[in-house]
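The structure appears right after this line, and notes come after that.
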Amino acid sequence: MIKRDLYIQSLDDVRNTKTVKVLTGVRRVGKSCVLSSYVDKLKEDGIKSEDIIFLNMDLIKYSNLRDYEKLYEYVSSRINDDSMNYLFIDNVSKIKDWWRAVNSLAIEYPDSIDFYICGLDMDIEEADIRKFLNEPVIEINILPLSFREYLQFDKKYWGDTQSIDDKFNDYLHYGGLPVIFEHKKSDLIFNNILKGIYSTIVVKDLLSKNKIKNTLLLEEIFNFAIINQGENMSSKKIADYFKTEGVKTTPTTVLDYLKHFDNSYLLYSLKRYNLKCNAYLRTLEKHYIVDLGIRNTLIGFEDEHSQGVLENLVYFELLRRDYKVNMVKYNSHKIDFLGVRPDRKVYYQIVKNLNDDDLLNEKLKDLESIKDNYEKVIICFDKTHTKNIKGIKITNIIDFLLNDDGFGSL
């Protein structure tokens, strides 16, 4: 098992704080592995095994703890008052009213338990977990492998001797869910695995828990969103499209279904931000799919180097780097991404091909309209010796993904 250092460090940064650390993310993204890796990190740091309580609720041996009172009794019996105790609960949703036990334990042992959980039920996520827990919640959203992580996994499990460009193309093709490395490279195998993950999310997480009757419409809306990833879309626009295809639906239904996909972490929605008014706009969101492998499995492996795919790559990489991300409207101008961190602020435009003069000039003009002094960057698939145009930095997507600042050379 390869440690995913980004998330291990995120957990370590909030160790021993009076909070409940909640790992979220799409199915099979590796949340349980991150928890297990962090337990290893604690042991490396000298934490005694008896001070670590790890409960995987998928295991039969813990089936008697699937009631919050039983959970409370078990954990209480394991607490060492003379040291910090680390409680990890994997697949926590299998415990009825588990938050009641956590709240009680936090009150009774305020300085003795550090809480880590994953495997939330979607119903709880929709209601907002913070309404259930008395302690502050820190959400750590686990994403599929970054390209740098993909290369680490590739080296260990596949041992490919391909060029970096070929490995990048495989990354676009197969996606970044860690489960793919349990198998040899095969489109047939990967298609079955990724379709299985998608179907499980739709059946278990969406249909059964949200009482959705129109399965076909749900999946058609999802396919529409990923086919048009990177496009500004409103629920009305999507509903109107389906009406032209003879499918009856309403903007409210479309909005509800998209929200369900957001809650399952299959889609991530990006809002528009009016820079001039310093306010979010309520219409024309963009939607990005969490894993390109799932995208390809559902809609085919063509057009893997599209504008939308490039945007998808950049968006999730910015999230991994702890940016708050928005798309920007400034008067009549549009910026694909504004990434903001306490230490940095960057405007990003995405251009599939620098030879597309019309698109390039439009993107440059939009960036030039922003008169502040923050960094401005264009990211493309092309490899080019041009490093900047009018002070605006130009970088290839592989360089961006493999360098912390996105502008270095390989």
Side-chain angles (χ1 to χ4, degrees), residues 26 122-123 125-128 198 201-202 205-207 209-292 294-295 298-300 303 306-312 314-316 318-319 324-338 348-350 352 358-359 362-363 366 369:
V26 72
M122 277 188 59
D123 294 338
E125 290 170 354
E126 290 183 16
D128 189 344
Y198 169 74
I201 292 170
V202 170
D205 296 341
L206 300 182
L207 298 180
K209 293 177 181 178
N210 295 290
K211 298 180 180 178
I212 296 172
K213 297 180 179 180
N214 194 338
T215 307
L216 181 59
L217 178 61
L218 178 76
E219 298 195 76
E220 285 182 345
I221 288 174
F222 182 71
N223 285 344
F224 182 88
I226 61 176
I227 288 171
N228 293 280
Q229 64 183 358
E231 298 290 333
N232 290 317
M233 290 185 290
S234 68
S235 56
K236 183 178 184 306
K237 180 179 179 181
I238 298 173
D240 288 344
Y241 166 79
F242 280 114
K243 286 178 182 177
T244 64
E245 297 294 309
V247 179
K248 292 184 179 180
T249 187
T250 66
T252 300
T253 298
V254 170
L255 197 61
D256 287 343
Y257 284 9
L258 289 174
K259 183 181 177 182
H260 293 324
F261 281 114
D262 284 347
N263 289 333
S264 72
Y265 297 98
L266 260 177
L267 287 182
Y268 285 63
S269 297
L270 183 65
K271 295 184 179 296
R272 289 192 305 157
Y273 184 75
N274 189 320
L275 194 64
K276 189 171 184 179
C277 302
N278 292 321
Y280 286 99
L281 300 172
R282 303 177 72 179
T283 59
L284 297 179
E285 292 181 336
K286 288 186 178 183
H287 303 277
Y288 298 104
I289 188 168
V290 70
D291 182 69
L292 291 174
I294 294 178
R295 169 200 181 268
L298 294 178
I299 66 173
D303 207 15
S306 68
Q307 176 81 13
V309 166
L310 184 55
E311 285 191 29
N312 212 89
V314 174
Y315 172 70
F316 282 105
L318 292 175
L319 293 185
K324 180 179 180 181
V325 185
N326 294 303
M327 55 177 166
V328 168
K329 178 181 182 298
Y330 183 69
N331 294 327
S332 61
H333 300 283
K334 296 181 292 185
I335 309 296
D336 291 320
F337 302 121
L338 167 61
Y348 294 95
Q349 291 284 56
I350 311 304
K352 172 184 172 182
D358 291 340
L359 180 60
E362 178 184 342
K363 298 285 188 178
D366 289 336
S369 72

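The structure presented is a predicted model; accordingly, all values stated were derived computationally and were not measured.
- Side-chain contact between Leu318 and Val314: present, with at least one pair of heavy atoms (C-beta onward) separated by less than 4.5 Å.
- A search for ring-ring contact (aromatic ring centres under 6.0 Å, His included) contacts involving Phe222 returns Tyr198, Phe261, not counting sequence neighbours.
- Among pairs with a residue in residues 243-252, those fulfilling side chain to side chain donor-acceptor pair (under 3.5 Å) read Thr250-Thr253, at least two apart in sequence or across chains.
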Could you walk me through whether Phe337 and Val325 satisfy the side-chain contact (heavy atoms from CB on, under 4.5 Å) test, starting with their C-alpha distance in whole Å, then the side-chain angles of each, then the deciding distance to 0.1 Å, before giving a yes or no? CA-CA 6 Å; Phe337 302 121; Val325 185; 3.7 Å; yes

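- Expressed to the nearest 0.5 Å, how far CG of Leu266 lies from CG of Leu206 amounts to 7.5 Å.
- Applying the side chain to side chain contact (heavy atoms under 4.5 Å, CB included) rule to Lys363 yields the partners Gln307, Asp336, Gln349, Val351, Leu359; only residues at least two apart in sequence or on another chain are considered.
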Extract all donor-acceptor atom pairs below 3.5 Å that involve side chains of residues 327-334 and protein atoms in other chains or at least two apart in sequence.
from	atom 1	to	atom 2	distance (Å)
Lys329	NZ	Asn331	O	2.9
Asn331	OD1	Lys276	NZ	3.3
His333	ND1	Asp366	OD1	2.8

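- Residue Ile212 holds its CD1 atom at 5.0 Å from OH of Tyr257, rounded to the nearest 0.5 Å.
- To the nearest 0.5 Å, atom NZ of residue Lys352 and atom CG of residue Asp303 are 5.5 Å apart.
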When you look at Leu258 and Ile221, which way does the side-chain contact (heavy atoms from CB on, under 4.5 Å) test go after all the steps? CA-CA 8 Å; Leu258 289 174; Ile221 288 174; 3.9 Å; yes

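- Between the CG atom in Asn312 and the NZ atom in Lys286 there is a gap of 11.0 Å [rounded to 0.5 Å].
- Between Tyr273 and Asn326, the closest heavy-atom pair is CB-CB, 4.0 Å.
- Judged by distance alone, with hydrogens and angles left aside, the side-chain atoms of Asn223 form no donor-acceptor pair with the main-chain N or O of Leu298 at under 3.5 Å.
- Scanning for side chain to side chain contact (heavy atoms under 4.5 Å, CB included) contacts around Glu285 gives Ser269, Lys271, His287, with sequence neighbours left out.
- With a 4.5 Å cut-off on side-chain heavy atoms, Ile226 and Leu267 count as touching.
- Checked against Tyr288 for a side-chain hydrogen bond (donor to acceptor under 3.5 Å, both in side chains), the options Gln229, Arg295, Glu311 give a single hit: Glu311.
- The aromatic rings of Phe242 and Phe224 are tilted relative to each other, their planes meeting at an angle between 30° and 60°.
- Counting heavy atoms from C-beta outward, Asp291 and Val26 have side chains that stay 4.5 Å or more apart.
- Between Tyr268 and Tyr315, the ring planes lie perpendicular to each other; the angle is over 60°, past the 30° to 60° tilted range.
- Applying the side chain to side chain donor-acceptor pair (under 3.5 Å) rule to pairs touching residues 231-242 yields Lys236-Asp240, sequence neighbours excluded.
- The line from CG of Leu207 to NE2 of His260 is 9.5 Å long, rounded to the nearest 0.5 Å.
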